[in-house]
> 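To start, I am sharing the structure in question, which I have written as structure tokens.
What you see below is based on every heavy atom in this structure, not just the backbone, and it leaves out hydrogens, waters and symmetry mates. Heads up: numbering here begins at 1 and tracks the sequence. From a predicted model like this one, the values you see are computed outputs, not experimental measurements.
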Amino acid sequence: MSRIKSGQLDTVQALRGLAAFLVMLAHLGGIGSLYSSLPLFGAHHGIIGVDIFFVISGFIMAYTTRQSWGMVGRFVCARVTRIYPLWWLCLLIEAPIIFSYLTGFWDEYGAYYIKSLLLLPATNPGGEPYPVLSPGWTLIYEMIFYAVFAAVMTTSRAGLTAKITVSLVSLCLVAFILPTDWDLTVYLRNPVYLEFAFGVALASAYSRRKISGRLLLCLLVTSVVVASTYSLGQSARFIYYGVPASLFVATALYLQQQNWRVPAFARWLGDISYPLYLLQSIVMFRMTPVVLGWNIFSGPMTLVAVAALCIAASAAVHYLFERPVMNALKRRKTPATTPA
């Protein structure tokens, strides 16, 4: 979930905001199943926002390392300082018990909490691929991709898309010979991470100004054709959501090529997209009963109020924590390790 400098790729930054908003809508759509006074609405497909994030991440990693290729330490440092501080804050808000595991307390859940803290592949007690703060499952895939990308950076940049694709496909194949009870195996057997390769391919096309109307039409037609694979479940997610997600990103890049002006609010939503993604489930589950208790809103307006609280909390965390921490970390870095 890399941040993009405003004024550089504004359309992609705005798309990150839209992706986080779509995921929030998907979560809001299911809140009604917990409270009979709230409506249910079909927003499940909003989870495509996660797939958009994956494609954007692949694009940004490939695009921003053009001038720093081979600087693996710089790359790893940039990714660690970008991902972990906010993750740790949100994880501690969600599960303050993790302090106990850091100060000597240990039980049968200790490994699960520490893996969650470090964004290592972690499955919950039910065997599902979710860390303590469930949205972090996507960050675990991000870390896997970063590891692959860092390894590829030790080679020449030539054939980057092919190298990344082969590496990710190899991980998927290896997963089927690993012990099934390993947490890593559970993650790798879901090939959703192949979506990162789509983003890398788009970076190559964008660098050569090959994002055209013809490509968008091709992705649109392909999206319609592969829609039927939805019935195959998670194993085909990288197809039925990955291709449309690539269409979203390619469209943003096409508009960038056309110097399309992005509304300030859309850029701002992109700026707060990372905290919005991580905080939304925390705010929803804690604040929905509070908002219902106010007896000010009813029905759909309650959901609107909860969504507004999610955005407000995310903005507050962005301005009071995320941005100051990132600025402080940048000031401490030498020029050789400043993030791209």
> For Tyr230, is the OH atom crowded, meaning more than 12 foreign heavy atoms sit under 6.0 Å from it?
yes

> Going through the distances and angles, do Val317 and Leu278 end up as a side-chain contact (heavy atoms from CB on, under 4.5 Å)?
CA-CA 11 Å; Val317 168; Leu278 288 182; over 6 Å; no

> What orientation do Phe196 and Phe54 show, parallel under 30°, tilted 30 to 60°, or perpendicular over 60°?
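The arrangement is tilted - the two ring planes meet at 30° to 60°.
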
> So which heavy atom on Pro85 is nearest to which on Val80, and how close?
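Result for this residue pair: CD-O, 3.7 Å.
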
> Decide yes or no for Pro135 and Ser281: does some side-chain heavy atom of the first lie under 4.5 Å from some side-chain heavy atom of the second?
yes

> Rounded to the nearest 0.5 Å, what's the gap from CD on Glu142 to CZ on Arg79? Could you check?
8.5 Å

> Does the side chain of Phe59 come within less than 4.5 Å of Val200's, by heavy atoms?
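Val200 vs Phe59: side chains apart.
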
> Between Leu168 and Phe176, is there a shared hydrophobic cluster once you connect ILVMFWY residues whose side-chain heavy atoms come closer than 4.5 Å?
no

> Please answer whether the main-chain N or O of Val192 pairs with a side-chain N or O of Arg237 as donor and acceptor at a distance below 3.5 Å.
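Judged by distance alone, no pair lies under 3.5 Å.
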
> Any side-chain heavy atom of Leu28 sitting closer than 4.5 Å to one from Phe41?
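Contact flag for Leu28/Phe41 side chains = yes.
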
> Would you compute the distance between atom CG of Leu220 and atom OG1 of Thr251 and round it to the nearest 0.5 angstrom?
8.5 Å

> Considering residues, nucleotides and ligands other than Gln258, do more than 12 of their heavy atoms fall under 6.0 Å from its CD?
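Counting other residues, nucleotides and ligands, CD of Gln258 exceeds 12 neighbours.
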
> Would you check if the side chain of Ser116 reaches a backbone N or O of Val132 as a donor-acceptor pair within less than 3.5 Å?
yes

> Do Phe145 and Tyr141 make the cut of ring centroids closer than 6.0 angstrom?
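No, too far apart.
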
> Write down the atom of Ile140, the atom of Tyr187, and the distance for their closest heavy-atom approach.
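The pair with the smallest heavy-atom distance is CD1-OH, 3.3 Å.
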
> Side chains of Met326 and Arg331: does their closest heavy-atom pair fall under 4.5 Å?
no

> Could you tell me whether a side-chain N or O of Ser223 sits under 3.5 Å from a main-chain N or O of Leu219, the two making a donor and an acceptor?
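Yes, the answer is positive, given that a donor and an acceptor are paired below the 3.5 Å cut-off.
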
> Testing the basics here: between Arg267 and Ala14, what is the closest heavy-atom pair and its distance to 0.1 Å?
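Heavy atoms only, the tightest pair is N-CB, 4.4 Å.
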
> Should the pair Arg66 and Tyr63 be classed as cation-pi, given the thresholds of under 6.0 Å to the six-membered ring centre and 45° from the axis?
yes

> Could you check if a side-chain atom of Ile31 sits within less than 4.5 angstrom of a side-chain atom of Thr302, using non-hydrogen atoms only?
no

> Under the criterion side-chain contact (heavy atoms from CB on, under 4.5 Å), I'd like the reasoning laid out for Leu279 against Cys90: C-alpha separation, chi angles, the key distance, then a yes or no.
CA-CA 7 Å; Leu279 284 169; Cys90 294; 3.8 Å; yes

> Taking all non-hydrogen atoms of both residues, which atom of Ile211 and which atom of Leu215 are closest, and how far apart?
CD1-CD2, 3.8 Å

> If you compare all heavy atoms of Met153 against all heavy atoms of Met71, which two are closest, and at what distance to 0.1 Å?
CE-N, 3.9 Å

> Rounded to the nearest 0.5 Å, how far apart are CZ of Phe198 and CG of Asp51?
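Phe198 atom CZ to Asp51 atom CG measures 10.0 Å (nearest 0.5 Å).
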
> Between Thr288 and Tyr35, is any pair of side-chain heavy atoms under 4.5 Å apart?
yes

> Quick one: are the ring centres of Trp87 and Tyr84 less than 6.0 Å apart?
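For Trp87 and Tyr84, the ring centres are not under 6.0 Å apart.
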
> Report yes or no: does Gln256 contribute a side-chain atom to a donor-acceptor pair with the main-chain N or O of Ala252 at less than 3.5 Å?
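Here the side-chain-to-backbone pair does not exist.
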
> Are any side-chain N or O atoms of Lys163 and backbone N or O atoms of Ala158, one a donor and one an acceptor, separated by less than 3.5 Å?
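Pair found, side chain donor or acceptor close to backbone of Ala158.
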
> Indicate yes or no for a side-chain donor-acceptor contact from Ser231 to the backbone of Ser228 under 3.5 Å, with no hydrogens or angles considered.
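The answer is yes, because a donor-acceptor pair under 3.5 Å joins these two groups.
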
> For Leu309 and Val290, run side-chain contact (heavy atoms from CB on, under 4.5 Å): C-alpha distance rounded to whole Å, both residues' side-chain angles, the deciding distance at 0.1 Å, then the answer.
CA-CA 11 Å; Leu309 287 172; Val290 174; over 6 Å; no

> Taking Trp137 for its side chain and Thr123 for its backbone only, find out whether a donor-acceptor pair lies under 3.5 Å.
no

> Do Leu173 and Leu171 share a hydrophobic cluster, counting only Ile, Leu, Val, Met, Phe, Trp and Tyr and linking them when any side-chain heavy atoms are less than 4.5 Å apart?
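Yes, Leu173 and Leu171 fall within the same hydrophobic cluster.
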
> Would a distance-only check, ignoring hydrogens and angles, find a side-chain to backbone donor-acceptor pair under 3.5 Å from Arg157 to Trp69?
no

> Could you grab the distance from atom OH of Tyr254 to atom CZ of Arg209, nearest 0.5 Å is fine?
10.5 Å

> Given the rule that I, L, V, M, F, W and Y join up when any side-chain heavy atoms are under 4.5 Å apart, are Leu40 and Val304 in one cluster?
no

> Taking the side chain as every heavy atom from C-beta outward, state whether Leu292 and Leu38 have any pair of such atoms under 4.5 Å apart.
yes

> Kindly say whether the aromatic ring centers of His27 and Tyr277 come within a distance under 6.0 Å.
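Centroid distance His27-Tyr277: not below 6.0 Å, so no.
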
> For Ile48 versus Ala245, what's the shortest heavy-atom pair and its separation?
CD1-N, 4.1 Å

> What I'd like to find out is whether the side chain of Leu253 reaches to under 4.5 Å of the side chain of Thr11, using heavy atoms alone.
no

> I need the Glu195 CD to Ile52 CD1 distance, nearest 0.5 Å.
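It comes to 10.0 Å.
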
> Would you say Leu303 and Ile296 are hydrophobically clustered, going by side-chain heavy atoms of ILVMFWY under 4.5 Å?
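They do share one cluster, since a chain of ILVMFWY contacts under 4.5 Å joins Leu303 to Ile296.
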
> With no hydrogens and no angle check, just 3.5 Å: does a side-chain donor-acceptor pair link His318 and Tyr274?
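Checked: His318/Tyr274 side chains show no N/O donor-acceptor pair below 3.5 Å.
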
> Keeping Thr81 on the side-chain end and Ala78 on the backbone end, is there a donor-acceptor pair under 3.5 Å?
yes

> If you apply the rule side-chain contact (heavy atoms from CB on, under 4.5 Å), what do you find for Arg214 with Cys218, and how did you get there?
CA-CA 6 Å; Arg214 182 176 299 178; Cys218 179; 5.7 Å; no

> Hey, is CZ on Phe21 packed in by over 12 heavy atoms from elsewhere, all under 6.0 Å?
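Atom CZ in Phe21 is not packed in, count stays at 12 or less.
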
> Within this structure, what is the CG-CG distance for the pair Leu117 and Leu133, rounded to the nearest 0.5 Å?
12.0 Å

> Would you kindly confirm whether Leu118 and Phe99 end up in one hydrophobic cluster when ILVMFWY residues are joined by side chain heavy atoms under 4.5 Å apart?
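Leu118 and Phe99: one cluster.
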
> Tell me, yes or no, whether the heavy-atom count around Phe248 atom CZ, taken from other residues, nucleotides or ligands under 6.0 Å, exceeds 12.
no

> Output yes when a side-chain donor or acceptor of Tyr101 lies under 3.5 Å from a complementary backbone atom of Trp106, and no otherwise.
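Absent.
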
